[in-house]
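Because the structure is predicted, anything quoted here is derived from the model rather than measured.
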Amino acid sequence: MDNEEVEDVPVFAPEHTAKLEKLSASLPSESVVKLFVTKAPRSFLMPWVVHKETSVTGTGFVIAGQLLMTNAHVIEDATVVEVKKHDLPKKFRAQVVCIGHDVDLALLTVKDERFWKEPTELPAVTWSSPDSFAELYSEVRAVGFPTGGSTICVSKGVVSRVDAQVYVHPRRKGVTAGTLNSPGRLPIIQIDAAINPGNSGGPAFDLGNNVIGVASSGMPKAQNVGYIIPTRIALLFLNEYLVENRWGGICETGLDTMQLENDAMREYLKMGDRTGVRVVSVAPLGAAQGKICPGDILVEVDGKIVSHENTVPVQLCEQTVDLDSCVLVTQKAKGETTNLKVLRGGEEVEVQVSFMPIPPLASRFDRYDSSPRYVIIGGLVFSVMSLPLFNEFCEQRREERRISVAHTTYFTAVKQWKESPDQEVIILLRTLKHTVNLGYNFSSTRVLERFNGETMRSLSQFEKAIATTLDGPDGKPTTEFLRFGFDDDPEEFDSLVLKSEGLRQADLELCQTHRIAQSVVLEYS
């Protein structure tokens, strides 16, 4: 058949092609824009350093009030953000006005009115109802600018699943479900339309061209698995920004619970036929403190029965799915009341709680609740344990690591509740060699507990104690030695001692040698 003529046959029948063209034309693609982002992340392992710039692209879409919505992971660490309409070549400078890492969402604006008005006014998208999730098996179309081309792209699929997860972005930032550092799970929609790099931040439309979610992530090792953030969460984030001009984080239960699948345990607790989970501890800074007690058995949340696995039934149109019980709290606006029923001493007790965000002991996100802060004294670099610091260490290749962030240091920060607003886990991060500290060799981080016999609770308190000791009333040290005690030292035993005299001069010399602007940075930036 090499020389045989073959008649051209259209790939689609004319009527099918016309239908596709009509469907494509009806999509509000003019509301979808491409983002060009230049990033320069800051180092927490060397907190005076900024890493090299990188460039990425992503997708955003127009919402009311001359705002653009996209993913937090698209614009995190951004130094420059530019935006381009899909049918025009000109780029406009955009500014980030709000970011929420826990919900993986961000808002931007463009000050240049020509972006919004010329050649025609940019239309805002319309949202689906936040009162319900997309129906399972309903059609969805993800619109964006994925890799593999420069023009706008539409991928079509169906809603495959509604689940509850810690979103991929905070997971990549070190937030781990099951630790006391996790704010909780959020509802998420799985679709079988492709979500590829570059799609992130784009809208997902239903057949009525309403936005049912924001494209968030895919699963590279699986076929046809993409995730979108539901409208309910997107509007929760947006509405709080419109009222408060900021995002304060999702509401958290602050309850550490254990499952009750064991028959003997349930019989011991005299639960009878009831189901539920046992409260192990309550966050001291959480709204449930004083209302829920360790040992209580949580049996209902907002009238929904809690299973032994800590799930509750959630109705999705004609389907019922079991989701983590915290979803009933995390998807609520701040100030909304949650009704809890617990079993306490064999009696049912009803409690009303207005849950709020809870500050974690290990701060979670750079430029949000965390910043590279440090104190250098005698070449010893002290900082605070945070997820950005541990995450940076984990991302380094083994041969590039100059220090080791001990897992015990990490677990000290993520396995405890924060007990007071100023409490921090102070760590000895690294040593800059100088004659004043010769003989001390540290290959791993250590948690500081005492300075000159006084318990240290925050980096600011530590710096003030150092200044009081070294800069006495006459400008001279008030004690001959500085003593540092760590969590792995025996009680009343200080494993590190420096002579006070000459430390300020040593730090000045080290800062000049290493081109460090200042020896103390305590402010959040």
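- T79 places no side-chain N or O within donor-acceptor distance of the main-chain N or O of A40, the cut-off being under 3.5 Å.
- Checking side-chain atoms of R232 against main-chain N and O of D131 turns up a donor-acceptor pair under 3.5 Å.
- Judged purely by atom type and a 3.5 angstrom limit, T109 uses its side chain to pair as donor or acceptor with the backbone of Q66.
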>> side chain to side chain contact (heavy atoms under 4.5 Å, CB included), that's the test. Do L255 and I292 meet it? Break it down for me.
In response: CA-CA 9 Å; L255 302 177; I292 303 295; 4.0 Å; yes
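- In this structure, OG in S182 is found 10.0 Å from CG in L387, a value given to the nearest 0.5 Å.
- Minimum heavy-atom separation, A164 to D324: CB-N, 4.3 Å.
- Around the CG atom of L269, the shell of radius 6.0 Å holds more than 12 heavy atoms that belong to other residues, nucleotides or ligands.
- Rounding to the nearest 0.5 Å gives a distance of 11.0 Å between CD1 of I305 and OG1 of T311.
- At distances below 3.5 Å, at least one donor-acceptor pair connects side-chain atoms of R450 with backbone N or O atoms of F493.
- A salt bridge (charged side-chain N to carboxylate O under 4.0 Å, His left out) check over residues 273-289, counting only residues at least two apart or in different chains, returns the pairs R274-E348.
- When the side-chain hydrogen bond (donor to acceptor under 3.5 Å, both in side chains) test is applied to D369, no partner is found at least two apart in sequence or on another chain.
- D489 places a side-chain N or O within donor-acceptor distance of the main-chain N or O of F486, the cut-off being under 3.5 Å.
- Separation of the F382 and Y374 ring centroids does not fall under the 6.0 Å cut-off.
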> Going through the distances and angles, do N210 and F205 end up as a side chain to side chain contact (heavy atoms under 4.5 Å, CB included)?
Replying inline: CA-CA 5 Å; N210 301 307; F205 295 101; over 6 Å; no
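- Proximity of Y227 to D163: side-chain heavy atoms (C-beta onward) are nowhere separated by under 4.5 Å.
- The OG atom of S216 sits 11.0 Å away from the CG atom of N199 when rounded to the nearest 0.5 Å.
- With respect to the salt-bridge test (charged N to carboxylate O, under 4.0 angstrom), the residues E424 and R373 qualify.
- Between Y368 and H101, the ring planes lie perpendicular to each other; the angle is over 60°, past the 30° to 60° tilted range.
- Side chain of S383 to main chain of V375: no donor-acceptor pair is present (N/O by atom type, distance under 3.5 Å, no hydrogens or angles).
- Side chain of N339 to backbone of Q352: no donor-acceptor contact under 3.5 angstrom is found.
- Shown here are the side chain to side chain contact (heavy atoms under 4.5 Å, CB included) partners of A413, two or more places apart in sequence or in another chain: A362, M385, V425.
- Distance alone, capped at 3.5 Å, is enough to place a donor-acceptor pair between the T412 side chain and the T408 backbone.
- Residues passing the side chain to side chain contact (heavy atoms under 4.5 Å, CB included) test with V74 are L35, V37, T70, N71, S200, sequence neighbours excluded.
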>> side chain to side chain contact (heavy atoms under 4.5 Å, CB included) for T469 and N452? Distances and angles first, verdict last.
In response: CA-CA 9 Å; T469 303; N452 283 353; 3.8 Å; yes
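- Side-chain atoms of I212 and P230, non-hydrogen and from C-beta on, never get closer than 4.5 Å to each other.
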>> Applying side chain to side chain contact (heavy atoms under 4.5 Å, CB included) to R172 and H73, what does each step give before you reach the verdict?
In response: CA-CA 10 Å; R172 286 177 174 169; H73 74 260; 5.6 Å; no
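- For T54, the side chain to side chain contact (heavy atoms under 4.5 Å, CB included) partners are K39, not counting sequence neighbours.
- Side-chain atoms of W417 and V282, non-hydrogen and from C-beta on, never get closer than 4.5 Å to each other.
- Between R483 and E449 there is no salt bridge, since none of the side-chain N atoms of the basic residue sits less than 4.0 Å from a carboxylate O of the acidic one.
- Between atom CZ of residue F237 and atom CG of residue D102 there is a gap of 9.0 Å, rounded to the nearest 0.5 Å.
- For S160 and D192, the side-chain atoms include no donor-acceptor pair closer than 3.5 Å.
- Taking the six-membered ring where the residue is Trp, the centroids of H407 and F390 are separated by under 6.0 Å.
- With no hydrogens or angles considered, a side-chain donor-acceptor pair links T409 and T445 at under 3.5 Å.
- Sorted by first then second residue, the side-chain hydrogen bond (donor to acceptor under 3.5 Å, both in side chains) pairs that include residues 257-266, not counting sequence neighbours, are D263-R266, R266-H308.
- In plain terms, the two heavy atoms of K334 and W247 that are nearest each other are NZ-CZ3, 3.9 Å.
- Of all non-hydrogen atoms in V97 and L108, the two that sit nearest each other are CG2-N, 4.1 Å.
- In this structure, L105 CG and H169 NE2 are separated by 10.0 Å, a value rounded to the nearest 0.5 Å.
- In this structure, R246 does not pair ionically with E240, as no charged nitrogen and carboxylate oxygen lie closer than 4.0 Å.
- Within the 4.5 Å cutoff, the side chain of V381 has no heavy atoms near those of the T431 side chain.
- In this structure, the salt bridge (Lys or Arg N to Asp or Glu O under 4.0 Å) partners of D488, at least two apart in sequence or on a different chain, are R446.
- Minimum interatomic distance between F393 and S404 (heavy atoms only, all atoms of both residues): CE1-CA, 3.7 Å.
- Residue pairs meeting the side-chain hydrogen bond (donor to acceptor under 3.5 Å, both in side chains) criterion with at least one member in residues 457-467, sequence neighbours excluded: E454-Q461.
- Contacts of D77 classified as salt bridge (Lys or Arg N to Asp or Glu O under 4.0 Å), with partners at least two apart in sequence or in another chain: R367.
- For T179, the side-chain hydrogen bond (donor to acceptor under 3.5 Å, both in side chains) criterion is met by no residue, not counting sequence neighbours.
- Taking both residues in full, the closest heavy atoms of S386 and F44 are given as OG-CD2, 3.7 Å, listed atom of the first, atom of the second, then distance.
- With Y167 contributing its side chain and P187 its backbone, the two residues share a donor-acceptor pair below 3.5 Å.
- How far OG of S128 is from CZ of F133: 10.5 Å, rounded to the nearest 0.5 Å.
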> Hey, mind stepping through D302 and K332 against salt bridge (Lys or Arg N to Asp or Glu O under 4.0 Å) and telling me if it holds?
Replying inline: CA-CA 12 Å; D302 282 340; K332 286 185 177 182; 2.6 Å; yes
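- Among residue pairs with one or both ends in residues 289-298, those qualifying as salt bridge (charged side-chain N to carboxylate O under 4.0 Å, His left out) are D296-R344; sequence neighbours excluded.
- S525 and R42 are linked by a side-chain donor-acceptor pair at a separation below 3.5 angstrom, with hydrogens and angles left out of the test.
- Between the side chain of K304 and the backbone N or O of L328 there is no donor-acceptor pair closer than 3.5 Å.
- Shortest non-hydrogen contact noted between T320 and P313 is CG2-CB, 3.8 Å.
- With sequence neighbours excluded, the residues satisfying side chain to side chain contact (heavy atoms under 4.5 Å, CB included) with S43 are L45, M46, V49, H51, E392.
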